[in-house]
Amino acid sequence: MMKKTTNPNEINFKDKFDLNDKVIVITGACGLIGKAFCEAVCQFGANVVVVDIESSEPKKFAKKLSKKHNKEMFGFSVDVSNKKSVTLLKNKILKKTKKINGLVNAHQNKSHLIFEKFEELNEDNWDKVVDVNLKGTFLMCQIIGTHMAENGGGKIVNLPSTYSVVAPNQNLYKGTNMGCPAAYSASKGGVEALSKYLSSYWASKNIQVNMITPHGVWNHHEKQFEENFAKFSPMERMSYNHEVASSLIYLLSDASSYVTGDNLLVEGGWTVW
Ligand SMILES: NC(=O)c1ccc[n+]([C@@H]2O[C@H](COP(=O)([O-])OP(=O)(O)OC[C@H]3O[C@@H](n4cnc5c(N)ncnc54)[C@H](O)[C@@H]3O)[C@@H](O)[C@H]2O)c1
């Protein structure tokens with residue numbers, strides 16, 4: 001129950017950000033942003049459940065986090081687009097932790113990085129991207145989210161993209177080998193709509209569903225791309241994964257107790273002009 005008061009002196013604002021002993025499930029946890037999410041959430045006291053595909057070695061990463069933070073963390077190899085695999089994950093987590101307080105969907109299918117012109121976009125690639133990005137988020141919300149909804153509530157944070165908010169500026173990719181295929185934008189548009197839907201659907205069950213939209217997170221990009229990016233960004237630079245992670249603490253903690261259905265844009269003002 002939220003404290004009913006008009007006196008801010010009665011509130012410890014630092015404590016609002018505490019995640020001590022919360023169990024937070026993070027998908028795509030071994031990725032660029034996922035890794036920063038895990039580290040940040042561990043630093044604020046949570047037990048992290050590292051979820052990723054086998055080849056990304058989630059168990060190994062969970063072990064590393066356990067050792068560093070001297071706390072039990074868990075790692076599971078899961079394909080989020082497979083319902084059986086996600087159901088099994090929920091059972092395995094609950095066997096270990098007995099509870100789940102938060103879910104963060106930070107997975108993505110990388111085939112979108114290989115740019116395909118819209119006219120030639122391969123149907124199988126479309127299916128792969130939509131399956132992992134959108135269906136994967138749906139299944140994780142349905143299976144883990146439903147458990148939280150039936151057991152007192154929790155927090156869900158999904159990751160759409162600037163390209164669910166605005167269209168890609170095609171000039172960004174001039175002179176580079178990069179691009180953003182339509183399947184990625186479409187799948188992320190679905191993630192945004194699904195998140196808004198669930199924020200109202202589960203509001204009465206004490207579930208808050210919010211989003212973080214990162215943009216241009218630096219990962220040793222080619223120089224031309226970095227230069228192009230700076231030209232179109234109000235802040236004239238790309239971002240770093242740790243800059244995205246701070247916003248997650250806010251959305252997973254009591255600090256955001258009256259926020260739901262929101263899309264927190266960590267995009268350096270990209271969509272402002
Ligand atoms: N990096 C950016 O600039 C940026 C911008 C906007 C949005 N995003 C979104 O943020 C999220 C994280 O991005 P990132 O840059 O860390 O991506 P990343 O590619 O570095 O990491 C994605 C992770 O998802 C995992 N994954 C792939 N398929 C999976 C499956 N079927 N089941 C479970 N895990 C699977 C991968 O193994 C990988 O570890 C993604 O949803 C992405 O679309 C990123």
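Only heavy atoms go into these numbers, but all of them, side chains included; no hydrogens, no water, no symmetry mates. Read the numbers this way: they start at 1 and go in the same order the structure lists the ligands and their atoms.
Considering I33, D52, N158 only, the shortest heavy-atom separation from atom 34 (N) of ligand 1 involves D52. One option in K135, Q108, E267 has a heavy atom closer to atom 17 (O) of ligand 1 than any other, and that option is Q108.
Side-chain atoms of T176 and H221, non-hydrogen and from C-beta on, never get closer than 4.5 Å to each other. Residues N109 and Y184 fail the side-chain proximity criterion, which asks for heavy atoms closer than 4.5 Å.
Heavy atoms of P160 come nearer than 4.0 angstrom to ligand 1 in at least one pair. Proximity of Y163 to ligand 1 is not established, as no heavy-atom distance is less than 4.0 Å. Look at T27 and you'll find every heavy atom at least 4.0 Å from all atoms of ligand 1. Taking 4.0 Å as the cut-off, G216 counts as a neighbour of ligand 1 on heavy-atom distance.
Taking a cut-off of under 4.0 Å to the non-hydrogen atoms of G28, the atoms of ligand 1 that pass are 23 (C), 24 (O), 25 (C). Every atom of ligand 1 with a heavy atom of G31 under 4.0 Å away is listed here by number and element: 16 (O), 20 (O), 21 (O), 39 (O). Atoms of ligand 1 lying under 4.0 Å from any heavy atom of H107, numbered from 1 in the order shown and given with element: 24 (O), 34 (N), 35 (C), 40 (C), 41 (O). Atom numbering of ligand 1 starts at 1 in the shown order; those under 4.0 Å from a heavy atom of C30 are 39 (O).
Note: N241 CG to K35 NZ = 10.0 Å, rounded to the nearest 0.5 Å. Here the straight-line distance linking atom OH of Y163 with atom CG of N169 works out to 7.5 Å at 0.5 Å rounding. Within the model, atoms NE2 of H215 and OG1 of T162 stand 4.0 Å from one another, a figure rounded to the nearest 0.5 Å.
Checking T146 against K90 by side-chain atom types alone, no donor-acceptor pair falls below 3.5 Å. For the residue pair T137 / N105, no side-chain donor-acceptor distance below 3.5 Å is found, with atom types taken as modelled. Judged by distance alone, the side chains of D79 and S85 never bring a donor and an acceptor atom under 3.5 Å apart.
Two rings, from F229 and W270, have their centers less than 6.0 Å apart.
Of all non-hydrogen atoms in E267 and V272, the two that sit nearest each other are OE2-N, 4.5 Å.
Residue V217 has at least one nitrogen or oxygen atom sitting less than 3.5 Å from a nitrogen or oxygen atom of ligand 1, judged on distance alone. Residue K188 has at least one nitrogen or oxygen atom sitting less than 3.5 Å from a nitrogen or oxygen atom of ligand 1, judged on distance alone. Considering backbone and side-chain atoms together, D79 places an N or O closer than 3.5 Å to an N or O of ligand 1. Considering backbone and side-chain N/O atoms, N109 never comes within less than 3.5 Å of an N/O atom of ligand 1.
Counting heavy atoms under 4.0 Å from ligand 1, residue V132 touches it through the side chain alone. Residue contacts with ligand 1, taken as heavy atom pairs separated by less than 4.0 Å, involve S56 solely via side-chain atoms from C-beta onward. In V78, the part holding a heavy atom less than 4.0 Å from any atom of ligand 1 is the backbone.
D21 has a carboxylate O that lies under 4.0 Å from a charged side-chain N of K71, or vice versa, which qualifies the two as a salt bridge.
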